[in-house]
Colleague: 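Please see the structure below; I have some questions.
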Amino acid sequence: MAREPSESIFTNRPAERIQILRSLPVVGWPTLVGAVLLQLVAGLLPVGFIVSTSVLIGRIPAAAAAGTGSHAAYLAEEALFAAAAFFVLQQILAPLQMLLTVRVTRRFDGAARDRLLRASFASAGIAELEDPERHEALVMARDSLAGFWFSPGEASAGTIALVSRYTTCIAMAIVVGAVYSWPVALMVLAGGLTLRFVWRHGLTIEVERLGPLWRHVDRSWYFRNLALGTVAAKEIRVFGLTAWMKERYHQASLDHLKPYSERRWKVWVLPFLPATLLAAATASAALALVAHAAGAHPDQVSLQDLALVIQAAIATLAVASWYHEADMQTQFGLRGHRGLNKLDSWRLGDETDAGGTGRDPAGLPLREIRFESVTFTYPGAPEPVLSRFDLTIEAGASLAIVGLNGAGKTTIVKLLARLYEPQEGRITCDGIDIRDFPAAAWQRRIGAIFQDFLRYELTLRENVGYGAVELADDTDVVNRALERGGAAELRDSLDHGLETMLSREYEDGTDLSGGQWQRVAIARALMAVEGGASVLVLDEPTANLDVRAEVEFFGQFLELTRGLTTIVISHRFSTVRRADRVVVLQQGRIIEDGTHAELVALGGLYAELFELQAARFVDEQPELA
């Protein structure tokens, strides 16, 4: 059952709205001032229209008595033309209001996207992105900017749009007070604002009640996108998952809609009924007083005054209406704005942590990289992956790391690349703690292929060039990386060469096989070397290559990377046997260390795994006649 929103929701709202107002100058002062002034004018035009029509009503009896062509008729026509002018101006300003609303929204959201990117990439590591609280804030901001809900820009534009609505309301109340009675004006205004408050209060509860239900919303979106996308299209059809996917989407939707809907009557019906009765009572009382005064004292309350007060009172009560251009926008958009503010507050600390002491890692390592008593535990994990772990990696040599799944091989790479930081111990480069280097500068010293490397739906040039984006436009460098990675033949087979889109969702685009994508990823890592990386990390680099392609690749790989510090993680011993040194991990500890020949002769875990793989290939050989 969904919980009731806490009191902090309402106490924080004014502060959050003030934050939006303070952020508005990012749209540009000319746009902001123009939008506010336009809303002020738009708010005053209905007042002019009501005053003009009231004057017209008051002049009609005299004009009817005097006849056409009379001065009284002229005055009535004058009031009619004034009312028509105010009406036409309202219609002219409406598209201008929309234009500036769109402009404010787009400019604010553009700045919000920049804030989101800065906050997302402020930390050099990825541990912060896996923190549940940060992830929630990131999702709040991301989804609002992606169009799932109203965006922070729409909340900002909606806040400006309220200027015209409240300008009309307050101006109408002033008219009632000036023409007839200030107590009546305050009575009508209080009734309208009370109903407005209840409406906004209920909307706030309704939106915030979604908070604990977001996991169900995210899940329903996940199933929807999975069913409609291309990633799972093959398996959905082959395994006949269409009905199952539909049912899961339906159930996930019900999980957030049902508890959300069951309590809506508490939010809307119970508070809304007494507020509506109060507003109706104040309006009825005010109008009854005006009507009685007009009947009892026609010399004091004219027909014009009566028409003016009635229209103004009704317009004042209209403040309780639902504003299609502001209400939902300011409620849902505020959620995205809240997520951005949280990310911004964390970003400042992350940027400080990532700065190091400013030492330059260029040209390093010259001697070695060392893991010194490193302990690391993933968030939420019961046991550390590495515990007081020690490892020395010689500069300019190739090291292979092997072990069963979960031994900690990939964790070593993530720590080396500062995607995570050790809880205890340190990692040094030539005796310098790598945390003393600016994180971005140290990461530029590392070229890596991860098991889950990205397949960008972009051109071949971009898929390779992103290894050193500053060199992506240098065709010679990109081609050299492709050739060193064994992907030159692939490039030549594509219709548009380097400019071929690697996705079938684009015209003239194409997709690649798993092995071809792996070669592109290898070329990307070698592109990083072209950009200055001196440590090359290959995590299962030949997992998608066939045996012949694997042998061919590693036959030239060590020669191509001579002089680099190379770390290879692989389950294939035909790969690791070529390394200068091999270490075997088991439960976060090094249990064997040596060359391939030394470890085979040792007869330990490495020898056992090597013999198992070798026997498999021997068994698969066809028998000779």
Side-chain angles (χ1 to χ4, degrees), residues 30-104 157-182 184-185 188-189 192 196 283 286-287 290-291 294 301-327:
T31 298
L32 177 58
V33 172
V36 172
L37 289 177
L38 188 64
Q39 295 294 344
L40 280 170
V41 173
L44 291 173
L45 287 177
V47 181
F49 177 77
I50 287 178
V51 171
S52 300
T53 55
S54 299
V55 171
L56 174 62
I57 292 172
R59 291 176 177 176
I60 286 177
T68 57
S70 65
H71 180 68
Y74 170 76
L75 291 177
E77 290 175 357
E78 185 180 65
L80 177 62
F81 286 132
F86 282 116
F87 178 79
V88 170
L89 283 174
Q90 289 183 70
Q91 310 315 307
I92 293 174
L93 286 190
L96 294 178
Q97 287 177 274
M98 180 62 69
L99 179 64
L100 279 180
T101 295
V102 171
R103 188 177 184 86
V104 168
T159 300
I160 295 175
L162 289 173
V163 170
S164 66
R165 296 288 191 167
Y166 286 108
T167 296
T168 301
C169 170
I170 294 171
M172 293 299 187
I174 292 173
V175 167
V176 174
V179 172
Y180 177 64
S181 166
W182 289 108
V184 171
V188 174
L189 184 62
R196 173 70 180 166
L287 295 177
V290 175
V301 181
S302 66
L303 181 60
Q304 173 181 310
D305 294 340
L306 179 62
L308 183 57
V309 171
I310 290 175
Q311 290 189 88
I314 293 173
T316 303
L317 287 170
V319 72
S321 302
W322 175 63
Y323 302 154
H324 65 86
E325 76 280 16
D327 283 342

Colleague: So, for Q90 and P46, which heavy atoms are closest and what is the spacing to 0.1 Å?
Modeller: OE1-CG, 3.8 Å
Colleague: Rounded at 0.5 Å granularity, tell me how far CG in D327 sits from CG in L162.
Modeller: 7.0 Å
Colleague: Could you pull out the closest heavy-atom pair between V55 and Q304, with the gap in Å?
Modeller: CA-OE1, 3.7 Å
Colleague: Going from CG on L32 to CG on L37, what distance comes out if it is rounded to the nearest 0.5 angstrom?
Modeller: 9.5 Å
Colleague: Is the shortest heavy-atom distance from the side chain of L189 to the side chain of V319 under 4.5 Å?
Modeller: no
Colleague: For G177 versus A185, what's the shortest heavy-atom pair and its separation?
Modeller: N-CB, 3.5 Å
Colleague: To the closest 0.5 Å, what do you measure between CD1 (I160) and CD (E325)?
Modeller: 12.0 Å
Colleague: Donor-acceptor pair, distance only, cut-off 3.5 Å: does the side chain of R165 make one with the backbone of G43?
Modeller: no
Colleague: So R196 and C169, do their side chains get closer than 4.5 Å, heavy atoms only?
Modeller: no
Colleague: Taking the side chain as everything from C-beta on, heavy atoms only, tell me whether T68 gets closer than 4.5 Å to Y74.
Modeller: no
Colleague: Supply the atom-to-atom distance L44 CG to M172 CE, rounded to the nearest 0.5 angstrom.
Modeller: 9.5 Å
Colleague: Side-chain polar contacts of residues 309-316 - donor-acceptor pairs under 3.5 angstrom, sequence neighbours left out - could you list them?
Modeller:
unit_1 : atom_1 : unit_2 : atom_2 : d
Q311   : OE1    : T53    : OG1    : 3.4
Q311   : NE2    : T53    : OG1    : 3.2
Q311   : NE2    : S54    : OG     : 3.0
T316   : OG1    : A173   : N      : 3.4
T316   : OG1    : A312   : O      : 2.8

Colleague: Fit a plane to each ring of F87 and F49, take the angle between them on a 0 to 90° scale, and name the class: parallel (under 30°), tilted (30 to 60°) or perpendicular (over 60°).
Modeller: tilted
Colleague: Identify the two heavy atoms, one from G192 and one from L317, that lie closest to each other, and give their separation to 0.1 Å.
Modeller: N-CD2, 3.7 Å
Colleague: Indicate the atoms forming the closest heavy-atom contact of G58 with P61, along with that distance.
Modeller: O-CD, 3.6 Å
Colleague: Hey, what do you get for CG (L99) to CG (L38), rounding to the nearest 0.5 Å?
Modeller: 9.5 Å
Colleague: Are there over 12 heavy-atom neighbours, none belonging to F81, within less than 6.0 Å of that residue's CZ?
Modeller: no
Colleague: Are the side chains of L308 and V51 in contact, using a 4.5 Å heavy-atom criterion?
Modeller: yes
Colleague: Under 4.5 Å between any side-chain heavy atoms of E78 and R59, yes or no?
Modeller: yes
Colleague: Compare every heavy atom of W182 with every heavy atom of I174, then report the nearest pair and how far apart it is.
Modeller: O-CH2, 3.7 Å
Colleague: Could you tell me whether the side chain of D305 and the main chain of V301 form a donor-acceptor pair under 3.5 Å?
Modeller: no
Colleague: For the CG atom of L40 and the OG1 atom of T168, what is their distance to the nearest 0.5 Å?
Modeller: 10.0 Å
